[in-house]
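Chain identifiers are assigned alphabetically (A, B, ...) following the order of the sequence lines, protein sequences preceding nucleic acid strands; residue numbering begins at 1 within each chain.
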Number of protein chains: 2
Amino acid sequence: MTTDTRETIMAAARKMVQTRGYNGLSFRELAKEVGIKSASIHYHFPTKGDLGQALAKRYTEDGLAYLTGLRADSDDLNLWMKGYTEIFRMALVNDNRMCLCGIMAAEYDDLPPEVRAEVDAFTDVNVRWLSDVLSICRPQLSDDEKQQQALAIYAAVEGAQLVARGRDDIGVFDATVQAYRTAGLLP
Amino acid sequence: MTTDTRETIMAAARKMVQTRGYNGLSFRELAKEVGIKSASIHYHFPTKGDLGQALAKRYTEDGLAYLTGLRADSDDLNLWMKGYTEIFRMALVNDNRMCLCGIMAAEYDDLPPEVRAEVDAFTDVNVRWLSDVLSICRPQLSDDEKQQQALAIYAAVEGAQLVARGRDDIGVFDATVQAYRTAGLLP
DNA sequence: ACCTGAACACCGTTCAAGT
DNA sequence: ACCTGAACACCGTTCAAGT
């Protein structure tokens, strides 16, 4: 069995960013964890921006695969939305981490352009999926309204995660999402 | 007229943090803007944590004064809530900045304890004020329910700001808040 | 193909020294 | 009371050098 150094780097870096953000990611610390020198990280990812871009791209791909699977595995709307919020919930359960692109969105102005583009792409994937779900359960909405409603759902869930993370209390996340559901913001 | 160096530092630092976060705040850059050497910043704020703490404390005090004023100036619920979301809106209008404590919440794990405590205090002030407003317009709710509803409103608005900031589009913020209002999440 | 040590300009912090 | 230069251990990055 061969361990792919590039993948090892990405796995460790993803965890670091989900905990401390893009600015909090240190090549030297990362190198120590992987067991190589920090200069060697640059062999695999020439700049920190390249690494950030690769992380966000992979994160979005994995998320999209999960969301596509959700819709393929059942046609129960409740399961779909439960599965959607579950991604964000699991990040918190997993060492009180955040959504990779949510935490980097807060650092938006400090992000290299290539990372910024991938953070935007993650938002697009979320909005697109939610918008598709809304097409089914709220067919009376116009495309613009669906798009806007989807963005509102995404924003609210990211906010719930941000606030619950600060409280280090998964109960806050659950109760907040429940409040969204009760209000009818989530279908 | 005397210019208070300490205040000059805080004003410049607040803007930097609202744009690039606590980690993005550089003493050397800050010193350049203020016109002193970076070592001199340490005379006023021994550590970066001290500065961050002072910033968040001041930000919360100013916010609380504004919110208290809102309730004193009218007894129109709509004006209150309009005024509430307006704080977050203005940060975006003002060079696409974020709520000081919202952006620092994303860096929570990297924050010195004294800064963390002030970020928590800001959340508490928001939840308290919203909860008081809910006491008036939703008197049937229990204290726990009001508290939870207030937290959900705060989380949703922070999320709206985070996402709209990434889009650099005040229209996204407005439409998202409107979606919250329509859903009945905001009173 | 993959890794390294050494150097560079950055960072927060400390401290002895200046006025 | 307020500021400074110099030093320290950090940071991302570069590059010539190793295997």
Side-chain angles (χ1 to χ4, degrees), chain A residues 1-17 19-56 100 103-104 107-116 118-119, chain B residues 1-17 19-56 100 103-104 106-116 118:
Chain A
M1 201 207 77
T2 58
T3 50
D4 186 337
T5 307
R6 194 187 148 89
E7 288 299 320
T8 310
I9 293 169
M10 283 185 71
R14 205 201 68 233
K15 287 188 178 187
M16 284 186 182
V17 175
T19 305
R20 315 205 344 226
Y22 179 81
N23 274 327
L25 173 67
S26 153
F27 267 45
R28 283 167 155 93
E29 220 177 306
L30 181 56
K32 215 167 286 174
E33 187 138 331
V34 174
I36 54 179
K37 298 295 166 184
S38 88
S40 309
I41 306 279
H42 289 277
Y43 174 77
H44 299 278
F45 303 95
T47 68
K48 193 172 169 179
D50 291 323
L51 175 54
Q53 178 183 26
L55 290 175
L100 184 87
I103 199 166
M104 291 205 298
E107 306 175 282
Y108 205 76
D109 280 35
D110 260 2
L111 257 29
E114 64 271 24
V115 182
R116 228 180 276 198
E118 292 300 333
V119 171
Chain B
M1 197 209 79
T2 58
T3 50
D4 186 336
T5 307
R6 197 187 145 90
E7 289 299 321
T8 310
I9 293 169
M10 282 183 71
R14 205 202 69 234
K15 286 188 177 187
M16 284 187 182
V17 176
T19 305
R20 314 203 348 221
Y22 178 81
N23 274 327
L25 173 68
S26 153
F27 267 44
R28 284 169 154 93
E29 218 177 308
L30 181 56
K32 215 166 288 176
E33 187 139 330
V34 174
I36 54 180
K37 297 294 165 186
S38 89
S40 309
I41 306 277
H42 289 277
Y43 173 76
H44 299 279
F45 303 96
T47 67
K48 193 173 169 178
D50 292 321
L51 176 53
Q53 178 183 26
L55 289 175
L100 185 87
I103 200 167
M104 290 206 297
E107 306 175 283
Y108 205 75
D109 280 35
D110 260 2
L111 258 29
E114 64 272 24
V115 182
R116 230 181 275 200
E118 294 299 334

Inset, instruction - Provide, to the nearest angstrom, the distance between the NE2 atom belonging to H44(A) and the P atom belonging to dT14(D). - result: 16 Å

Inset, instruction - Could you tell me which non-hydrogen atom of A54(A) sits nearest to which non-hydrogen atom of M10(A), and how far apart they are? - result: O-CE, 3.5 Å

Inset, instruction - Rounded to the nearest angstrom, tell me the gap between atom CD1 in I36(A) and atom P in dG18(D). - result: 21 Å

Inset, instruction - Check every strand shown and say whether F27(B) touches a base, only sugar-phosphate, or nothing at a heavy-atom separation below 4.0 Å. - result: sugar-phosphate

Legend entry - Side-chain touch Q53(B)/D50(B), heavy atoms, less than 4.5 angstrom: yes

Legend entry - Nucleotide forming a Watson-Crick or wobble pair with dA16(C), both distances under 3.5 Å: dT4(D)

Legend entry - Spacing of R28(A) atom CZ relative to dT13(D) atom P, expressed in whole Å: 11 Å

Inset, instruction - Would you kindly give the CD-to-C1' distance between E29(B) and dC11(D), to the nearest whole Å? - result: 15 Å

Inset, instruction - Report yes if some heavy atom in the side chain of F27(A) is under 4.5 Å from a heavy atom in the side chain of L51(A); otherwise report no. - result: yes

Inset, instruction - Using a strict 4.0 Å threshold on nitrogen-to-oxygen distance, state whether R20(A) and E29(A) make a salt bridge. - result: yes

Legend entry - Residue whose closest nucleotide on DNA chain D lies nearer the 5' end, G49(A) versus T5(B): T5(B)

Legend entry - I41(A) CD1 to dC3(C) P, straight-line distance once rounded to whole Å: 9 Å

Legend entry - Touch class at under 4.0 angstrom, heavy-atom based, for S40(A) against every strand present: base

Inset, instruction - Figure out the NZ/P separation between K32(A) and dT4(C), and round it to whole Å. - result: 14 Å

Legend entry - S38(A) side chain, from C-beta outward: closest of dT13(D), dT14(D), dT13(C): dT13(D)

Inset, instruction - Nearest-nucleotide wise, let me know which of G35(A) and Y43(A) is further upstream toward the 5' end of DNA chain C. - result: Y43(A)

Legend entry - Non-hydrogen atoms of M104(B) and Y22(B) that approach each other most closely: SD-CB, 4.0 Å

Inset, instruction - Rounded off to whole Å, could you give me the NE2-to-C1' distance for the H42(B) and dG12(C) pair? - result: 5 Å

Inset, instruction - Would you mind reading off the distance between K37(B) atom NZ and dC2(D) atom C1', rounded to a whole angstrom? - result: 15 Å

Inset, instruction - For dC10(C), give its Watson-Crick or G-U wobble partner with both distances under 3.5 Å, or none. - result: none

